[in-house]
Q: 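Following this message is one structure expressed as structure tokens.
Note that the structure is a prediction, hence the values are computed from the model and not measured. We name chains A, B, ... by the order of the sequence lines, and we start the count at 1 in each one.
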Amino acid sequence: MSADPPQMQEIFRQLGGRRVKLGQGVVGKTSRATLALFGLWAIIFCRLSDSPLLDTVLLGGGVICTCAYGWWVHRTQRFAAENPGLALMEGAQLLEYQKWEAGIKGLPALNSPIIPDPEKSQPLIDAESQGA
Amino acid sequence: MHKFLHVAIGFAEKEVGFEQIQKLFVEAGWARYAPNCWLIHTTESPTSVANRIRNVCAQNDSIFVCEVNIDNRYGYLQKEIWNWLESPTG
């Protein structure tokens with residue numbers, strides 16, 4: 001079963017229009033890059049000629065680009081799995097996110113380790129939570 | 001009379017720069033211990049502080065300000081913040 005041409009045209013029109021919205025972050029960027037890769041291969045196939053040398057250069061370039069793309073996607077997907085929050089951010093957002101530091105008015109950014117309240121001894125059992 | 005207030009802001013959409021928030025605490029000492037949480041040492045009321053923060057935040061951002069009994073406390077923070085809680089005026 002196949003859709004009749006007008007329906008297909010409508011589907012492609014919608015896909016080509018503004019209804020397809022790629023998200024931000026790794027998934028969105030990867031989707032765009034994948035579309036660009038398809039475009040690259042389409043250009044390569046269109047430019048294939050009778051010249052073996054030119055075809056080799058074109059296909060070799062395509063293979064190199066595809067390998068580099070695969071390597072990059074693998075790296076970014078792994079990074080996204082390990083750092084989901086960071087992976088969703090754009091560059092400026094990432095800088096802002098990394099800028100978060102504890103601080104006190106009039107003092108430089110705090111980089112010291114987190115410690116328990118030095119004025120209070122750490123309770124072995126929280127008496128209040130036990131209802132004592 | 002000075003007291004400690006806890007300020008928490010839940011940014012619904014775009015986060016307001018923390019420098020912009022901290023500029024509101026001109027008269028107060030403050031310590032920021034989490035991305036959207038501050039302890040401030042001030043004579044202002046929670047209502048006054050919350051209303052001033054509201055002016056720089058989006059309408060659907062949540063803002064919570066309350067007085068803190070700093071003597072009844074425990075937690076895990078940087079040493080400098082513990083020191084500041086003990087002596088907020090330096």
Q: When you group the ILVMFWY residues by side-chain heavy-atom contacts below 4.5 Å and let the links chain together, are B:Phe25 and B:Phe64 in the same group?
A: no
Q: So which atom in A:Ser112 and which in B:Gln78 form the shortest heavy-atom distance, rounded to 0.1 Å?
A: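 For A:Ser112 versus B:Gln78, the nearest heavy atoms are O-CG, 3.0 Å.
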Q: Does any N or O in the side chain of B:Trp82 come within less than 3.5 Å of the main-chain N or O of A:Ile115, such that one atom is a donor and the other an acceptor?
A: yes
Q: First locate atom CG of A:Leu107, then atom CD1 of B:Ile81, and finally report the distance between them rounded to the nearest 0.5 Å.
A: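 So the CG of A:Leu107 and the CD1 of B:Ile81 are separated by 10.0 Å.
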Q: Mind listing the side-chain donor-acceptor pairs of residues 58-66 of chain A below 3.5 Å, one per line with the distance, residues two or more places apart or on another chain?
A:
residue : atom : partner : partner atom : Å
A:Thr66 : OG1  : A:Trp41 : NE1          : 2.8
A:Thr66 : OG1  : A:Gly62 : O            : 2.7

Q: Check side-chain contact (heavy atoms from CB on, under 4.5 Å) between B:Leu24 and all other residues, then give those that pass, not counting sequence neighbours.
A: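 B:Leu24 satisfies side-chain contact (heavy atoms from CB on, under 4.5 Å) with B:Arg52, B:Ile53, B:Val56 once adjacent residues are dropped.
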Q: Same cluster for A:Leu54 and A:Phe45 if Ile/Leu/Val/Met/Phe/Trp/Tyr side chains link at under 4.5 Å?
A: yes
Q: To the nearest 0.5 Å, what is the distance between CG (A:Asp117) and CG (B:Leu85)?
A: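 One gets 8.0 Å once the value is rounded to the nearest 0.5 Å.
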Q: In Å, rounded to the nearest 0.5 Å, how long is the span from CG of B:Asn83 to CD of A:Glu119?
A: 8.0 Å
Q: To the nearest 0.5 angstrom, please state how far the OH atom of B:Tyr76 sits from the CD1 atom of A:Ile114.
A: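 If we round to the nearest 0.5 Å, B:Tyr76:OH and A:Ile114:CD1 are 11.5 Å apart.
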Q: Out of curiosity, does A:Ile104 fall in the hydrophobic cluster containing B:Ile70 (side-chain heavy atoms, cut-off under 4.5 Å, transitive links)?
A: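 Same cluster.
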Q: Pick from B:Ala28, B:Cys37, B:Gly29, B:Gly75: which one has the most heavy-atom pairs with chain A under 4.5 Å?
A: B:Gly75
